[in-house]
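What you see below is based on every heavy atom in this structure, not just the backbone, and it leaves out hydrogens, waters and symmetry mates. Every chain is numbered from 1, with letters handed out A, B, ... down the list of sequences.
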Amino acid sequence: MNNWRRTKYSREVKPEISGEEVTVMGWAHEIRDLGGIIFVLLRDRDGIIQITAPSKKIDKDLFENLRKIRKESVIAVKGIVQNSPKAPGGVEVIPHSLAVLNEYKQPLPLDPTEKVRAEIDTRLDSRFLDLRKPAVNAIFKIKSRMLHSIRLFLEENEFLEINTPKLVASATEGGTELFPITYFEREAFLGQSPQLYKQIMMSAGFDRVYEIAPIFRAEEHDTLRHLNEVISIDIEASYMNHEDVMDILEKLVVQAIKDVRKNCSAQLDVLGHELEIPATPFERIRYEDMIDLVNSEGVSLDYGEDMSRAAEKAMGEIMGGYYFIIDWPSSIKPFYVMPDEKNPEKSFSFDLMYRDLEISSGAMRVHKHDLLVDRIKKQGLNVDSFEKYLASFEYGMPPHAGWGLGAERFNMSLTGVNNIRETVLFPRDRRRLTP
RNA sequence: GCCCUGGUGGUGUAGGGGCUAUCAUGCGGGCCUGUCGAGCCUGCGACUCGGGUUCAAUUCCCGGCCAGGGCGCCA
């Protein structure tokens, strides 16, 4: 780097520092050679700054070297900041020295200036280049802010961050398929959810915990909203019921939206996404009313069934925005979900929806050991394999509740993208395991 | 896993039983002192794989692989 160090990011080169010498570093986004004047657009993490080289004002060798720069080479430029009404943003850099730090190999596997769009498959194969595009990396700047905001919110509300194992012994929770792996001389699995560990932490006296970590599901789904590895934002809290944790979830969602709006307006602009702050409280639709609503739209769904895709779409049309579906039948919820004592057919459970997309589900949990054993049996699961989990319920387990929020699905609602693959740097789906 | 659609230069596309396979972008060369999707001239670069039908297949048929969309699965 010739002992050069960056002195300014592109976004810091503003008219106020006109006349100052700066060193900028980044990629050659575009080169426009007009013969007697050359414009090089230098792109770094946050934006683009124009390097303007009029032949009469700069050294002849430098001019020739600027002419030879090729797209996506890594360059460093030293020069003087100059205001100009003709320059993008009203400011440009007149170079006096150039270092080409690394050259490019041609042809590029896709076009980072997006003059020709590429398909998602092509883009993911060359993700490093794809991510250089402002409209792509904006999604991840928003995701970063979203996660930061969520951590701040949970810490402010006395939640402790925990880490639970992702290597687990058995496929005991039921429901989803797990990825089997080899654990020395035994078989093990990649964790589908931190659920049982979060609950054990309630017995351990941590009172309020959260975890933001990957979960793995070996389903062969092939849709715009499923992946085999995603980030789950999970909480569990003692001495709370389902309504208490719904309130927390609702506040967290609104705070994250406000925070992204405030701190990521440039990224939202690049994405062309208008992010509205939803009114609270979110509407609560009872499961049985959801059935009626969906039926009235001509979509058949019987009581006791989980939502079909058609039902989700119908609800998305009717409701828009964020809303809860509450009071799910106990029969289609996991064993650890608390039945309503007055009517055990129903449960103290909820899903948070954004239009037609389920982004979170949660519930008050069963904290009574015998009821839990009963529910495990009723769901056809093997009680013995829950021995270590169940033990934590026999020595003073407080009542508790919690939820899991899909980080990528929430991010989809913040950015307006319609393919979950867009929201993961290196997504893992049915076919893709690289890069 | 099922259904539908597709696979043509690096990228994104048009087309089509035999002809120099279209266009944009890109890349190479040339011109150009205010570009900002720069412009103009010029050159380079492609029919997914296997089998079948046919005098002839990139084109039609079958299968594989891969992709896009939809559904299912997804406590």
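- Separation of the C1' atoms belonging to rC32(B) and rA14(B) is 33 Å when rounded to the nearest angstrom.
- In this structure, rU11(B) and rA24(B) make a Watson-Crick or G-U wobble pair, each of the two defining distances being under 3.5 angstrom.
- Considering only side-chain atoms of His221(A), the nucleotide from rG72(B), rG34(B), rG69(B) that sits closest is rG72(B).
- Atom name C1', nucleotides rG9(B) and rU48(B): the rounded distance is 14 Å, in whole Å.
- Under 3.5 Å, the side chain of Glu219(A) and the base of rG1(B) form no donor-acceptor pair of N or O atoms.
- Under the 3.5 Å distance criterion, the side-chain polar atoms of Lys143(A) are left unmatched by any main-chain donor or acceptor of Glu408(A).
- Nucleotide rG72(B) forms no Watson-Crick or G-U wobble pair with any nucleotide shown, as no partner meets the under 3.5 Å limit on both distances.
- By the 4.5 Å heavy-atom criterion applied to side chains, Arg217(A) and Leu190(A) are not counted as neighbours.
- Residue Asp306(A) is classed as having no contact, given no heavy-atom separation below 4.0 Å to the nucleic acid.
- Between Arg117(A) and rA24(B) there is no side-chain N or O to OP1 or OP2 distance below 4.0 Å.
- For Gln195(A), the side-chain atoms get nearest to rA75(B) when compared with the rest of rA75(B), rA38(B), rA24(B).
- Of the candidates rU33(B), rG72(B), rG68(B), the closest approach to any side-chain atom of Arg309(A) belongs to rG72(B).
- As judged by a 4.0 angstrom heavy-atom cut-off over every strand, Ile332(A) is placed among residues touching the sugar-phosphate backbone only.
- Side-chain polar atoms of Gln82(A) and Ser84(A) form no donor-acceptor pair below 3.5 angstrom.
- Between the side chains of Glu21(A) and His96(A), a donor-acceptor pair is found at a separation under 3.5 Å.
- A centroid separation of 6.0 Å or more is found between the aromatic rings of Tyr354(A) and Phe410(A).
- For the P atoms, the distance linking rA57(B) with rC71(B) amounts to 41 Å, nearest Å.
- Nearest-nucleotide mapping onto RNA chain B: of Asp222(A) and Pro109(A), the residue sitting toward the 5' end is Pro109(A).
- Within the shown strands, nothing qualifies as a pairing partner of rG37(B) under the Watson-Crick or G-U definition with both distances less than 3.5 Å.
- The separation between Ile31(A) atom CD1 and rA38(B) atom P is 11 Å, rounded to whole Å.
- When the C1' atom is used for both rC36(B) and rC60(B), the distance is 49 Å, rounded to whole Å.
- Between Lys71(A) and rG26(B) there is a side-chain N or O to OP1 or OP2 distance below 4.0 Å.
- Taking atom P in both rC3(B) and rU20(B), one finds a spacing of 42 Å when rounded to whole Å.
- Among the protein residues, Thr122(A) comes within range of the sugar-phosphate backbone only, with heavy atoms under 4.0 Å from sugar or phosphate atoms but none that close to a base.
- The residue Ser361(A) sits apart from the nucleic acid: no heavy atom pair falls under 4.0 Å.
- Side-chain proximity of Lys56(A) to the nucleotides rU33(B), rG34(B), rG10(B) is greatest for rU33(B).
- Contacts of Leu41(A) with the nucleic acid, taken as non-hydrogen atoms under 4.0 Å apart, are absent.
- For the pair Val253(A) and Leu352(A), the minimum side-chain heavy-atom distance is below 4.5 Å.
- Rounded to an integer number of Å, the gap from Ile38(A) CD1 to rC32(B) P is 13 Å.
- No donor-acceptor contact under 3.5 angstrom links the side chains of Glu288(A) and Tyr303(A), judged on distance only.
- OP1 or OP2 of rG28(B) lies within a sub-4.0 Å distance of a side-chain N or O belonging to Arg70(A).
- Using a 4.5 Å heavy-atom cutoff, the side chains of Pro165(A) and Tyr197(A) are in contact.
- For rA67(B), one of the phosphate oxygens OP1 or OP2 lies less than 4.0 angstrom from a side-chain nitrogen or oxygen of Arg431(A).
- Spacing between atom CD of Glu422(A) and atom P of rG68(B) amounts to 11 Å, rounded to whole angstrom units.
- Considering only the side chain of Glu30(A), rA38(B) comes nearest among rA67(B), rA38(B), rG28(B).
- Distance from the side chain of Thr223(A) is smallest for rC73(B) among the nucleotides rC73(B), rU33(B), rG68(B).
- With a 3.5 Å ceiling on both atom-pair distances, the Watson-Crick or G-U wobble partner of rG50(B) is rC62(B).
- At the phosphate of rG1(B), OP1 or OP2 sits under 4.0 Å from a side-chain N or O atom of Arg430(A).
- Between the base of rA75(B) and the side chain of Ser193(A) there is a donor-acceptor pair shorter than 3.5 Å.
- As rounded to the nearest Å, rU59(B) and rG18(B) have P atoms that lie 11 Å from one another.
- Comparing rG72(B), rG34(B), rG12(B) against the side chain of Glu119(A) picks out rG12(B) as the nearest.
- Residue Glu358(A) is out of contact with every strand shown, counting any heavy-atom pair closer than 4.0 Å.
- Each of Ala310(A) and Thr113(A) lies near RNA chain B, and the nucleotide nearest Thr113(A) is the one positioned closer to the 5' end.
- If you take CD of Glu312(A) and P of rG70(B), they are 13 Å apart, rounded to a whole angstrom.
- Between the C1' atom of rA38(B) and the CZ atom of Arg32(A) lies a distance of 6 Å, rounded to the nearest Å.
- If you check every strand for non-hydrogen atoms under 4.0 Å, Lys105(A) touches nothing.
- rG12(B) and rC47(B) have their C1' atoms separated by 15 Å, given to the nearest Å.
- For the OP1/OP2 pair of rG26(B) and a distance below 4.0 Å, the side-chain nitrogens and oxygens of Lys115(A) include at least one atom meeting the criterion.
- Annotation: rU8(B) and rC31(B) have their C1' atoms spaced 33 Å apart (nearest Å).
- Residue-to-nucleotide contacts include a donor-acceptor pair under 3.5 Å from the side chain of Arg217(A) to the base of rA75(B).
- Contacts of Glu114(A) with the nucleic acid, taken as non-hydrogen atoms under 4.0 Å apart, are absent.
- For the residue pair Ser10(A) / Asp44(A), a side-chain donor-acceptor distance below 3.5 Å is found, with atom types taken as modelled.
- Gln82(A) places its CD atom 15 Å from the P atom of rG34(B), with the value rounded to the nearest Å.
- Atom pair His29(A):NE2 and rG26(B):P shows a separation of 11 Å (rounding to whole Å applied).
- Protein atom CG of Asp111(A) is 16 Å distant from nucleotide atom P of rA24(B), rounded to whole Å.
- Using the Watson-Crick or G-U wobble rule with both distances under 3.5 Å, rC19(B) pairs with nothing in any strand shown.
- Base pairing of rC32(B) is not made with any nucleotide, judged by Watson-Crick or G-U wobble geometry with both donor-acceptor distances under 3.5 Å.
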* **Evaluation steps, ring pair (Phe, Tyr, Trp, His ring centres under 6.0 Å), between Phe386(A) and Phe335(A)** => CA-CA 12 Å; Phe386(A) 290 94; Phe335(A) 65 83; 5.1 Å; yes

